[in-house]
Amino acid sequence: MTSQEIKIVPIQLEDNHKLLEIGWQTFYDAFGPPVNTEENIQSYLKEKFTLDQINKELQQPDSQFFFAVLNTEIVGYLKLNSKDAQTESVHNNALEIERIYVVKEYQGKKIGQLLLDQSLTIAKQKNVDFIWLGVWDQNPGAIRFYERNGFKIFEKHQFKLGTEIQTDVMMKLEL
């Protein structure tokens with residue numbers, strides 16, 4: 001598999017079931033047991049990854065979604081937020097990467113990098129001051145990935161997963 005074989009395509013409202021499926025699967029694979037309890041992960045998924053919630057997010061004009069597709073298989077996805085759609089009021093002229101997730105079997109194959117590159121292209125098109133994201137402080141691999149791409153930690157915030165309060169480091173890349 002080469003990066004040329006991966007296509008980054010916009011997600012449309014009619015793709016809601018596919019987005020729900022890959023969102024649920026990749027979040028569970030990344031943060032499910034033994035990393036977090038089954039109860040906490042299920043609670044979070046049942047709140048944030050419902051068809052109703054996905055439909056609302058897809059209809060938010062300041063959010064964009066993309067699939068990474070290999071042949072006909074969805075192998076990852078990306079969610080970007082700008083303006084009022086950002087999960088934190090960091091800066092109005094910024095772009096947030098809310099989600100970059102890659103299917104477990106395809107991790108380590110540069111798909112995350114392709115999705116990040118798509119984010120940077122859009123950030124430049126929107127002429128934002130910087131691009132930012134939150135990463136769980138217990139995910140050193142993801143933190144290193146973003147650091148290799150020039151992101152720097154600038155803040156922390158709390159993230160509720162079920163009954164547990166976790167800490168995310170907030171990272172940004174000035175453009």
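Every residue two or more places apart in sequence or in another chain that forms a side chain to side chain donor-acceptor pair (under 3.5 Å) with Q86 is listed here: W132. For the salt bridge (Lys or Arg N to Asp or Glu O under 4.0 Å) test, no residue two or more places apart in sequence or in another chain qualifies with D84.
Of all heavy-atom pairs between Q53 and K48, the closest is CG-O, 3.3 Å. Listed here is the closest heavy atom pair of T26 and G23: OG1-O, 3.5 Å. Contact detail for G162 and S43: the closest heavy-atom pair is CA-OG, 3.7 Å. Counting all heavy atoms, side chain and backbone alike, Y44 lies closest to K160 at CD1-O, 3.7 Å. Shown here for T167 and W136, the closest heavy-atom pair between the two residues is O-CD1, 3.3 Å.
Between I74 atom CD1 and K18 atom NZ the span is 5.5 Å, to the nearest 0.5 Å. Residue Q64 holds its CD atom at 11.0 Å from CD1 of I11, rounded to the nearest 0.5 Å. With rounding to the nearest 0.5 Å, the separation of CG in N16 from CD in E21 is 11.5 Å. Atom CD of E174 and atom CG of D129 lie 7.5 Å apart (nearest 0.5 Å). Considering CG of L95 and CG of L80, their distance stands at 5.0 Å, rounded to 0.5 Å. Taking NZ from K126 and CD1 from I131, the interatomic distance works out to 10.5 Å, rounded to the nearest 0.5 Å.
V9 and L70 fall within the same hydrophobic cluster, where Ile, Leu, Val, Met, Phe, Trp and Tyr residues are linked whenever their side-chain heavy atoms come under 4.5 Å apart, directly or through other members. Cluster annotation: L78 and L13 are assigned to the same hydrophobic cluster (Ile/Leu/Val/Met/Phe/Trp/Tyr, side-chain heavy-atom contacts under 4.5 Å, transitive). Residues F151 and I153 share a single hydrophobic cluster, defined by chaining ILVMFWY side chains whose heavy atoms lie under 4.5 Å apart.
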Side chain to side chain donor-acceptor pair (under 3.5 Å) evaluation trace for E96 with T87: CA-CA 8 Å; E96 175 192 17; T87 59; 2.5 Å; yes

Show your working on side-chain contact (heavy atoms from CB on, under 4.5 Å) between L120 and L173 and close with a plain yes or no. CA-CA 9 Å; L120 296 172; L173 175 65; 3.6 Å; yes

Can you list the steps and then say if I41 with L45 is a side-chain contact (heavy atoms from CB on, under 4.5 Å)? CA-CA 6 Å; I41 197 76; L45 287 168; 4.1 Å; yes

Mind running ring pair (Phe, Tyr, Trp, His ring centres under 6.0 Å) on Y28 and Y101 for me, showing each step along the way? CA-CA 11 Å; Y28 187 90; Y101 286 99; over 10 Å; no

Could you check N81 against Q60 for side-chain contact (heavy atoms from CB on, under 4.5 Å), going step by step and ending with a plain yes or no? CA-CA 9 Å; N81 298 316; Q60 165 51 258; 5.6 Å; no

Could you go step by step and tell me if V35 and Q138 meet the side-chain contact (heavy atoms from CB on, under 4.5 Å) rule? CA-CA 9 Å; V35 180; Q138 301 299 306; over 6 Å; no

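When side chains are defined from C-beta on, F130 does not count as touching N93, because their heavy atoms never get closer than 4.5 Å. When side chains are defined from C-beta on, V90 counts as touching M170, because their heavy atoms get closer than 4.5 Å. At a threshold of 4.5 Å between non-hydrogen side-chain atoms, the residues I6 and V75 count as touching. A 4.5 Å side-chain heavy-atom check between L175 and V128 finds at least one atom pair inside the cut-off. L19 is listed as a side-chain neighbour of Y77, based on a closest heavy-atom distance under 4.5 Å. Between D137 and D168, the closest side-chain pair of non-hydrogen atoms is not below 4.5 Å. Using a 4.5 Å cut-off on side-chain heavy atoms (C-beta onward), K46 and W24 make contact. No side-chain heavy atom of K172 sits less than 4.5 Å from a side-chain heavy atom of K152.
For the pair N36 (side chain) and P33 (backbone), a donor-acceptor distance under 3.5 Å is absent. Using modelled atom types, one side-chain atom of N40 and one backbone atom of T163 make a donor-acceptor pair closer than 3.5 Å. Counting only distance, with no hydrogens or angles, the side chain of E5 and the backbone of N71 share no donor-acceptor pair below 3.5 Å.
Among residues at least two apart or in separate chains, salt bridge (charged side-chain N to carboxylate O under 4.0 Å, His left out) pairs with a member in residues 50-66 are D52-K56, E57-K79, E57-R99. Residue pairs satisfying the salt bridge (charged side-chain N to carboxylate O under 4.0 Å, His left out) criterion with at least one member in residues 139-148, sequence neighbours excluded, are absent. Residue pairs satisfying the ring pair (Phe, Tyr, Trp, His ring centres under 6.0 Å) criterion with at least one member in residues 45-67, sequence neighbours excluded, are listed as follows: F27-F49.
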Pairs under 3.5 angstrom only: tabulate donor-acceptor contacts from the side chains of residues 111-119 to other protein residues two or more places apart or in another chain.
unit_1	atom_1	unit_2	atom_2	d
Q113	OE1	N149	ND2	3.2
Q113	NE2	D117	OD1	2.9
Q113	NE2	N149	OD1	2.9
S119	OG	L115	O	3.1

